[in-house]
Protein chains: 2
Amino acid sequence: MEETVTADPADLPFDVFSKACPSRGTLEHVTGRWGSLTLGALHEGSFRFNELRRRVDGVSEKMLSQTLHALERDGLVHREAQPTNPPRVDYTLTPLGYEVAERLLGLIHLMEDRMPTVLEARERYDAVRGAR
Amino acid sequence: MEETVTADPADLPFDVFSKACPSRGTLEHVTGRWGSLTLGALHEGSFRFNELRRRVDGVSEKMLSQTLHALERDGLVHREAQPTNPPRVDYTLTPLGYEVAERLLGLIHLMEDRMPTVLEARERYDAVRGAR
DNA sequence: CGGTATCCGCCTCGATACTG
DNA sequence: CAGTATCGAGGCGGATACCG
């Protein structure tokens, strides 16, 4: 077993395939459109709000704020606010967030790496069905 | 075999953090609500449409169909239809789909394993801010 | 069985304006 | 700078009906 997690999945009480399981919600925060990109960015280090906003191309203030709150609540992101003027807030990953980001980035890099294959597959698919 | 990707990410032309990059779309198919669960299920083997529907608790016919089409178009899922009566269609992962599912499951299992920590973090967060 | 077509509510998301 | 408040459009997704 090359698993680094501690137990056999079948023995765990949390099964993401089950509709009611809270792990599904957290998985959605992590893998969601902005969640994945935010965690990916924070893996590189600490960011301030607007730095993050520029890094994650296309995210709105509202969605970034919402995303950060969800990730903070799940214990993946740490928010450090300094009561200065102008205010300064730094976002970093927690140890758990870092573990999650590692795996997420593995996935992201794999996707980026295999995009030529994906693009070829799309062309083939569209060539057959695209006559629509 | 540790890293199976071939190049340094910085050298690749596909950057998921860029709004216009097609890799972002594929990442969303993979990590999306139903995409991730569908790939996770198919990692266990071949499934027929309604088997999959039962396995992925809560998915509707429409969304499963839509999800499978997107994944097939991206070259992650192979669809094998037998022209029998009644019809029989089997879905399996392509080699690329299998690679992707491996990483995705790594993430999913980590999340399931760490849910106690997540749940604690939520309680702490809600205790402080929940007094709303 | 394995889907597609259509309708439609709701909730996400983006744009804008405003606050500390 | 670091957000919150509000609003309106659109698309996600469920329910239903129907086809091969």
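Within every chain, numbering begins at 1; the chains are lettered A, B, ... in the order of the sequence lines, protein sequences first and strands thereafter.
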*asked:* For A:E80, I'd like to know if atom CD has over 12 heavy atoms of other residues, nucleotides or ligands within 6.0 Å.
replied: no
*Assign each of A:V59 and A:P86 to its nearest nucleotide of DNA chain C by heavy atoms, then name whichever residue's nucleotide is nearer the 5' end.*
A:V59
*Rounded to the Å, how far apart are B:R88 CZ and C:dG3 P?*
12 Å
*Hey, does the side chain of B:R48 come within less than 4.0 Å of C:dC1's phosphate (OP1/OP2), counting only N and O?*
no
*Does B:H69 place a side-chain N or O at less than 4.0 Å from the phosphate oxygens OP1/OP2 of C:dG3?*
no
*Flag the pair A:L37 / A:V59 as yes when at least one side-chain heavy-atom distance between them is below 4.5 Å, and no otherwise.*
no
_Contact under 4.0 Å: A:R33 side-chain N or O vs C:dT12 OP1/OP2_ = no
*In whole Å, what is the span from the CD atom of B:E51 to the P atom of C:dG2?*
8 Å
*Parallel, tilted or perpendicular for B:H43 and B:Y98, by the 30°/60° rule?*
parallel
*Of the candidate nucleotides C:dC13, C:dG3, C:dT6, which contains the atom at the shortest distance from the side chain of A:Q66?*
C:dC13
*Residues, nucleotides or ligands: over 12 heavy atoms within 6.0 Å of B:E123 CD*: no
*asked:* What range of DNA chain D does chain B touch, first nucleotide to last, counting atoms under 4.0 Å from its heavy atoms?
replied: D:dG13 to D:dG20
*Below 4.5 Å, heavy atoms only, C-beta onward: do B:R103 and B:V30 meet side chain to side chain?*
no
*Whole-Å gap separating P (C:dA5) and NZ (B:K62)*: 12 Å
*Would you call A:Y125 and B:H69 a side-chain contact if the rule is heavy atoms closer than 4.5 Å?*
yes
_B:T26 versus A:M111, closest heavy-atom pair with distance_ = CG2-CE, 3.0 Å
*Whole-Å gap separating P (C:dT12) and CG (A:L64)*: 17 Å
*C:dT4 C1' sits how many Å from B:M63 CE, rounded?*
14 Å
_Can you work out whether B:D90 or A:S60 has the more 5'-proximal nearest nucleotide on DNA chain C?_
B:D90
*Give the rounded distance in Å between these two atoms: CD of B:E61 and P of C:dT4.*
10 Å
*Rounded to the nearest Å, what distance is computed from the CZ atom of residue B:R79 to the C1' atom of nucleotide C:dT4?*
12 Å
_Distance check needed: C:dC1 C1' versus B:L52 CG, whole Å only._
14 Å
